[in-house]
Amino acid sequence: MTAATVFAPDRATYIQSHITLALLAMPGAMIVLWLTGTPHVWTGAVGGLAAVALRGWYLMDEELGHVWELTTEGLKGPAMRYVALTDLAKLRKIGSAVQLITTGGDKHLIKFQADPQATIARIDAARPARE
């Protein structure tokens, strides 16, 4: 029996994703304040950065603990999620995540992958041959 492949979140990718989110939230908040006529538009940048940083810090341990395991039969994920390899309809890269779509339409994310394309390739290689 071969060992299962583990897809664990990458800490550096998690941090980079939050930096990108902050870079979008800061000007977005400033634009909202400007449109509402607030005289201190710069506070939007501070608020956007603070919100993303606080969220990232608060959820880091939980998010980095969400590990998926690829076995010969399927993918086992956090919160007792399971996707059979024969039930996978589509794999898609969304930023640093890999989206699993089942034939029934269920969707799951393997988040914060350093190389999402490599994750997709590994899962595809494990899938049974399609007719």
Side-chain angles (χ1 to χ4, degrees):
M1 180 164 179
T2 61
T5 301
V6 174
F7 301 115
D10 179 63
R11 183 183 197 89
T13 303
Y14 178 84
I15 292 168
Q16 181 60 48
S17 295
H18 279 76
I19 290 170
T20 302
L21 184 59
L23 291 175
L24 295 172
M26 291 167 66
M30 289 175 69
I31 290 169
V32 168
L33 292 175
W34 176 70
L35 289 173
T36 60
T38 303
H40 303 292
V41 174
W42 64 269
T43 59
V46 175
L49 177 61
V52 172
L54 183 63
R55 178 197 181 278
W57 170 77
Y58 185 75
L59 292 176
M60 185 183 301
D61 288 341
E62 180 180 340
E63 289 292 337
L64 294 180
H66 291 173
V67 175
W68 284 79
E69 181 181 341
L70 175 64
T71 66
T72 55
E73 293 84 30
L75 288 147
K76 297 177 186 176
M80 297 177 32
R81 290 184 181 103
Y82 180 78
V83 178
L85 291 175
T86 56
D87 195 30
L88 269 177
K90 191 172 191 177
L91 295 165
R92 184 183 333 188
K93 176 186 177 285
I94 300 176
S96 64
V98 173
Q99 184 181 43
L100 311 171
I101 304 172
T102 66
T103 54
D106 294 332
K107 296 176 182 174
H108 306 276
L109 285 177
I110 302 175
K111 296 192 239 176
F112 307 114
Q113 296 297 291
D115 187 356
Q117 288 303 128
T119 301
I120 290 171
R122 180 63 190 101
I123 295 169
D124 263 337
R127 290 169 80 178
R130 291 168 260 175
E131 298 175 12

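Keep in mind that what you see is a predicted model, and the values were worked out from it rather than measured.
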For Leu91 and Ile120, the nearest pair of non-hydrogen atoms, with its separation, is CD1-O, 4.0 Å

Q: Check whether Val52 and Leu54 end up in the same hydrophobic cluster, where Ile, Leu, Val, Met, Phe, Trp and Tyr are linked by side-chain heavy atoms less than 4.5 Å apart.
A: no

Separation between NE2 (His108) and NE2 (His66), nearest 0.5 Å, reads 14.0 Å

inquiry  = Counting C-beta onward and ignoring hydrogens, is there a side-chain heavy-atom pair between Trp68 and Gln113 closer than 4.5 Å?
reply    = no

d(Tyr82 OH, Glu73 CD) to nearest 0.5 Å is 5.5 Å

Margin query: Using a 3.5 Å distance criterion without hydrogens, assess whether the side chain of Thr71 forms a donor-acceptor pair with backbone atoms of Gly74.
Written below: yes

What one should report as the nearest heavy-atom pair of Leu70 and Ala126 is CD2-CB, 3.8 Å

So ring pair (Phe, Tyr, Trp, His ring centres under 6.0 Å) across residues 15-38, not counting sequence neighbours, yields Tyr14-His18

d(Ile101 CD1, Asp106 CG) to nearest 0.5 Å is 10.5 Å

Tightest non-hydrogen contact, residues Leu85 and Pro128, listed as CB-CD, 4.0 Å

Between the CD1 atom in Ile110 and the OG1 atom in Thr119, the distance rounded to the nearest 0.5 Å is 6.5 Å

Exercise. Evaluate the side-chain proximity of Gln99 to Lys90: yes if any heavy-atom separation is below 4.5 Å, no if none is.
Key: no

Value for CG (Leu100) from CG (Leu109), rounded to nearest 0.5 Å, stands at 7.5 Å

Taking every heavy atom of Leu49 against every heavy atom of Ala22, the minimum-distance pair comes out as CD1-CB, 4.1 Å

Note to self: Measuring only between side-chain heavy atoms, which start at C-beta, is Val67 closer than 4.5 Å to Pro9?
What the structure shows: yes

CG (Leu24) and CD1 (Ile19) are apart, to the nearest 0.5 Å, by 12.5 Å

Of all heavy-atom pairs linking Gly104 and Asp87, the shortest is N-OD1, 4.4 Å

For Val98 and Pro116, the nearest pair of non-hydrogen atoms, with its separation, is CG2-O, 3.6 Å

If you count heavy atoms of other groups shown closer than 6.0 angstrom to CZ of Arg81, is the number above 12? yes

